[in-house]
Amino acid sequence: MRTATLGPEERAASLAAMAERELDLLVVGAGVVGAGTALDAVTRGLSTGLVEARDWASGTSSRSSKLIHGGLRYLEMLDFALVREALKERGLLLERLAPHLVKPVPFLYPLQHKGWERLYAGSGVALYDVMSMARGHGRGLPLHRHLTRRHALRVAPALKKDALVGALQYYDAQMDDARYVATLVRTAAAYGAKIANRAQVTSFLREGERVVGARVQDAEGGGEYEIRAKQVVNATGVWTDDTQSMVGERGQFHVRASKGVHLVVPKDRIHSTTGLILRTEKSVLFVIPWGRHWIVGTTDTDWDLDKAHPAASSADIDYVLDHVNAVLAVPLTRDDVEGVYAGLRPLLAGESDATSKLSREHTVAHPVPGLVVVAGGKYTTYRVMAKDAVDAAVHGLDMRVAECVTEDIPLVGAEGYRALWNARARIAERTGLHVVRVEHLLNRFGSLTEEILELIAADPTLGEPLQSADDYLRAEIVYAASHEGARHLDDVLTRRTRISIETFDRGTRCAREAAELMAPVLGWDKEQIEREVEHYQKRVEAERESQRQPDDLTADAARLGAPDIVPR
């Protein structure tokens, strides 16, 4: 299979091709569900288009807890079907679809009561393991184990001695959510899907009651395109209700946004060899290993303000710090926080007022002829959501269409990954890179690492790390613009890499170097470089200011002080 390149030329060609000939299916929204829907459709033989108003995964799908998990807490809610489905998907991702991107991660659950809690929680974790094994896709992860308090403190010395009487340890999986979506998009493109970001749907095309396509504004070039399609899928997550309003329909369900805030702290601030999962009065709090960092979160509160840039307030940060410090021997302070990010979960509104009790199930509807809406769900089960959306769209097509095959379609970079991982020492010797750098590339790009190495071979300076973000090579910045569809500095520092949350300066010190690396690929002059750097710095300033505000309203107002990107 050829590798798809998503550079400026390919983007322009995709927009032109989508406008030239009627598609079988047009997908609106390139979060994980939209990207998964495009891959599902194109691998069934349908001519497929995918448009995204901003950047791949720029909404919810880049701001999650970075976990691929069955949802252990949903067992407690007796939602066995959701857990069973998610565990199957977790196994597929780990073993077959994306072993280069999805990795096992251990979690310690501290027990605070003797006797009954070990029996109660242990039974739940044992059932979790059994359900995983029963699906035939759980054998790659170790089984859970019971630990005494002494053993638990050896595994996680950061815990207060009086914070637990013992512990359970179990395994789930994690990934870089934005990188996963970018890889999913490239996989769909490799199979023939036409794809464009920074292409916003401004209205739907109608013939009578039927939706027959969409009018799309090119936010980069400024042109407008009419893209006709036999079926359109609305996969816009927390924007679902807004998109539905374009056809005068709210739809058969309502999506509510729940805000989740995460903090990123350096690895040395929490002394532990395992992640942690802690109960709170509302939900659970995770402490998740993340390279040279920890991700700590999350909150779960209703949000009805700006959807594009949800803001974390000072109260949100205090909430997370207070709850994690309840179990840490050496508490975290504000000075320990490198990065903060807030995301919105698209939850299907139900009877409960509390967002933590709203459904994580997904729903697919056909509100008007020619338009399918998919909403709700969770990241782990995106492939099932995509299948259901395409199945619904197929009913409106006057043609025979093959069944879903994405269970057997590895993402680009997966094929050959394990062989390259085994040869990483030889690759390091051949390229002159340290083996740790090669491992970093393989775990981000899989077998596509060879494309990065070709850039470095052509220009050895690209094999050097960024000066103020030395976890990343200069070649990764160039590659993001030339191959992965990055159009702006923000795309690279926030989503193609995680520099914006992994450095105390939030990426401002390397912004100019990164912009200058992107410039030749994207045709930027000096003025555009200045605009990109200035915009990024203003965005960081606005986020910092929002995080000093006491509540959602003031935080939202502060965050909106930075304008959105203006291309030229």
Electrostatic pair R90:D172 at N-O distance under 4.0 angstrom
yes
Ion pair check, E502 and R292, cut-off under 4.0 Å:
no
Would you mind checking if D176 and R496 are paired as a salt bridge, meaning a charged N to carboxylate O distance below 4.0 Å?
no
Validation: residues 549-556 side-chain donor-acceptor distances under 3.5 Å, sequence neighbours left out:
from, atom 1, to, atom 2, distance (Å)
Q549, NE2, E545, O, 3.2
Q549, NE2, E545, OE2, 2.8
D551, OD1, L553, N, 3.3
D551, OD1, T554, N, 3.0
D551, OD1, T554, OG1, 2.7
D552, OD1, K259, NZ, 2.8
T554, OG1, D551, N, 3.4
T554, OG1, D551, O, 3.2
D556, OD1, D306, N, 3.4

More than 12 heavy atoms from other groups under 6.0 Å of NZ on K538
no
Note: D24-K230 ion pair, threshold 4.0 Å (strictly below):
yes
Which heavy atom of P331 sits nearest a heavy atom of N325, and at what distance?
CA-OD1, 3.3 Å
The single option from T37, V201, V216 passing side-chain contact (heavy atoms from CB on, under 4.5 Å) against V28
V201
Quick check: closest heavy atoms across E89 and V384, and the distance to 0.1 Å?
OE2-CG2, 3.5 Å
Do we see a donor-acceptor contact under 3.5 Å between the side chains of R383 and T406?
yes
Regarding K103 and the six-membered ring of Y171, is the cationic atom NZ or CZ under 6.0 Å from the ring centre and inside 45° of its axis?
no
Apply side-chain contact (heavy atoms from CB on, under 4.5 Å) to E207 and list each qualifying residue two or more places apart in sequence or on a separate chain.
V212, R228
Can D316 and S313 be counted as having a side-chain donor-acceptor contact under 3.5 angstrom?
yes
What are the two closest non-hydrogen atoms of Q231 and L397, and how far apart are they?
CG-CD2, 3.8 Å
Short side-chain donor-acceptor distance under 3.5 Å, N234 and T236:
yes
Distance, nearest 0.5 Å, that separates CE of M175 from OH of Y180
9.0 Å
Option passing salt bridge (Lys or Arg N to Asp or Glu O under 4.0 Å) with D490 (candidates R54, R495, R506)
R495
Would you mind telling me which of Q217, E52, E220 makes a side-chain hydrogen bond (donor to acceptor under 3.5 Å, both in side chains) with R198?
E220
CG on L26 to CD1 on I227, rounded to 0.5 Å:
5.5 Å
Before accepting this row, confirm whether a basic side-chain N of the pair D318/R334 lies closer than 4.0 Å to the acidic partner's carboxylate O.
yes
Check: T494/R539 side-chain N/O donor and acceptor closer than 3.5 Å
yes
Please verify the inter-ring angle class for Y382 with Y379; under 30° counts as parallel, over 60° as perpendicular, anything in between as tilted.
perpendicular
